[in-house]
Amino acid sequence: MCGIVGYIGEQQAYPILIKGLHRLEYRGYDSAGVSLISENGDLNVYKAKGKVVALENGCKGQDLTGTIGIAHTRWATHGEPNQVNAHPHYSESRNLALVHNGIIENYKALRTELENNGMTFCSETDTEVLVQLIEYMMKSHNCDLFEGVQLALKNVIGAYAIAILEKKNPDQLVCARKGSPLVIGVAKKSDGHVEFFLGSDATPIIEYTNQVVYLKDEQIAIMDRKGRLDIVNLSSVHQTPQLDTLQLNLDQIEKGGFPHFMLKEIWEQPNALRTCIRGRLNPTDKDVILSGVLDHQDRFLNCRRIIICACGTSWHSALIGKYFIEEACQIPVEVEYASEFRYRNPVIFPDDIVIAVSQSGETADTLAAIELAKEKGAFLYGVCNVIGSSIPRATNSGTYLHVGPEIGVASTKAFTGQVITLSMLGLAIAKVRKTLSDDMFHMLVDELYQIPDKMQWTLENNKGIDKFAERFTYCKNFLYLGRGYNYPVALEGALKLKEISYIHAEGYPAAEMKHGPIALVDEEMPVVVVAPKHGMYEKVVSNIQEIKSRGGKIISVITEGDTTVKEMSDYYFTIPDTRDCYVPLLAVIPLQLLSYYVAVTKGRNVDQPRNLAKSVTVE
Ligand code: G6P
């Protein structure tokens, strides 16, 4: 939700900032802006409605000099996406410019107070209130920028990651965070000079340095041209910056010949999952080793219940995780929308384990849900992709997905990474609790190990989807059906289509179709049925008959060699056979490709669908 970039050093800042904005555009893209302190000492701000290219076009012919700057790409919360509301925002005297990611919840009260003190505002944003408040504090307390920021932030309720430039002090860059992420890149040059880079995540930083400091909540950082990095908290206690080395390379965040990140990430899944299971699934000993579980065996042995909190696609993978963990470990598992859970005073016991599933590790509701669970004494476990993000830092233990950066807004490889990680987690817990026979355990490990190869097969053998997707671009509605482990796959397939093609789609448990959605079925209605030769296969076949007899078009996902459903289907995708519990890892792939090609044929912006953002760091 909004991306922040910053730079101070010896290089010209503008090209670095624009490149960084392009890398962060997945976080929000309704407007963008940049601020630079120019060579002749002006504090310039340039903004544009729309994407970063619109900003670049608007900047042509302007004074873009300066070796210090901040920039922002916005996903609007307060105030419509237009040029005025775009960041950076000036303070009234134009001595300060600020960019912000997050929400200032008490901005109305603060604005009224500032207006009563004679300050005037240009925009409708909560961000302008923040920069005005800092200026007000600096004037009324006759203090410097750092102290002004500290005083202002003490009065603020909400979440923020901010970066600020001060015209009168062009040799320092100040930033702060609470609840929204901010990473500082530190690049030491051979001549001894140090330059600093700022980013909402590490993607704008990686091509300059792999040395980073993840700013923590309520920390303010001051970077200057002499290479000084001071970190102080809101109570003025100095903090020692902890330097981490990024495990990221440039190839991972570029398209590598694919037209879209989404397609690249779909095709990356076999290798991404190989990396995910490496060192964790051992095919020789048929064992699973998750240090996150091994280090806390007693908690898993004695836990009464597991609650999984997540949002969006991560909620779908959590549901598959529930089915698996309940079956393999005989522990009750509840799956909660984090946004609901956090506000309804849920019953949480100290011997509960609460698992947060999140690609970004930054989703505000998921973070708040685990904070609530922490207060009630539960043990917290994170299943996240982004290393060093807020959720892994807030949990007692966890497992990273290690599927590499996911840039496309519609989640693909993170979904399958979450499903395979939750399956490994279920196996690791089953081992601790001895709930599976050795034979069953070995067989499940063995089969899980085969999944990346079977994913590759699925990708190679469903190549015609681009051709037939064209026929569905004019449909107004889609229905997705699945049972058991494949009900969440139906939900995920429908979400993918909605997100990127803007076609209305619903996922339903196949048998529930008779209680409502069947009324929608007619010749215009494609019904996607996940129908592997497993579990309730016969019952799903009956559901398909019911749809066909009402004229619906059947698009099925079938097991290789199944002729029954194949003959009943108007179109079909084939997946190799696997255990019932692992079918989602394969069945979701053709559904990802279907939504991708329908959206491309409709001319949609697949990687940056309207109104969505990759990382939702506001409620
Ligand atoms: C947004 C993204 C989804 C994602 C959801 C949860 O809505 O567009 O792709 O599933 O947030 O994000 P998380 O990072 O917590 O998995």
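Nothing here was measured: the structure is a model prediction, and the numbers come from that model. Remember, it's 1-based here, ligands and their atoms both numbered in the order they're listed.
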Discussion item. Give me the nearest non-hydrogen protein atom to atom 2 (C) of ligand 1 as residue plus atom name, then the distance to 0.1 Å.
Written reply: Lys614 O, 3.4 Å

Discussion item. What I want to know is whether Ser314 and ligand 1 share at least one N or O pair that is separated by under 3.5 angstrom.
Written reply: yes

Discussion item. I need the nearest protein heavy-atom contact for atom 15 (O) of ligand 1: residue, atom name and distance, please.
Written reply: Thr363 OG1, 2.5 Å

Discussion item. Going by side chain to side chain contact (heavy atoms under 4.5 Å, CB included), name the residues that satisfy it together with Glu375, two or more places apart in sequence or in a different chain.
Written reply: Leu372

Fill in: Ser360 N/O to ligand 1 N/O under 3.5 Å
yes

Discussion item. Within the 4.0 Å heavy-atom shell around Ser411, which atoms of ligand 1 are there?
Written reply: 9 (O)

Worksheet, complete the sentence: Numbered in order shown, the ligand 1 atoms found under 4.0 Å of a heavy atom of Ser358 are 13 (P), 14 (O), 15 (O), 16 (O)

Item to complete: Could you tell me how the ring of Tyr381 sits relative to the ring of Phe300: parallel (under 30°), tilted (30 to 60°) or perpendicular (over 60°)?
Response: perpendicular

Worksheet item: What residue and atom, counting heavy atoms only, is the protein's closest point to atom 6 (C) of ligand 1, and at what distance?
Response: Cys311 O, 3.4 Å

Practice prompt. For the residue pair Glu492 and Thr313, confirm or rule out a side-chain donor-acceptor distance under 3.5 Å.
Written response: yes

Discussion item. Please check this pair: side chain of Lys264 against backbone of Gln252, looking for a donor-acceptor N/O pair closer than 3.5 Å.
Written reply: yes

Item to complete: Could you tell me whether the side chains of Asn345 and Lys376 share a donor-acceptor contact shorter than 3.5 Å?
Response: yes

Worksheet item: Is there a donor-acceptor contact under 3.5 Å from the side chain of Asp244 to the main chain of Val212?
Response: no

Worksheet entry | Minimum-distance protein heavy atom relative to atom 7 (O) of ligand 1 | Val616 CG2, 4.0 Å

Fill in: Any Val409 heavy atom less than 4.0 Å from ligand 1
yes

Response to the item:
Residue, atom and distance of the protein heavy atom nearest atom 8 (O) of ligand 1 read Ala613 O, 3.0 Å

Worksheet item: If we ignore angles and hydrogens, is there a donor and acceptor under 3.5 Å between the side chains of Glu327 and Tyr485?
Response: yes

Fill in: Protein contact of atom 10 (O) of ligand 1 - nearest heavy atom, named by residue and atom, plus distance
Thr313 N, 3.0 Å

Worksheet entry | Distance-only donor-acceptor check, side chains Gln359 and Ser411, under 3.5 Å | no

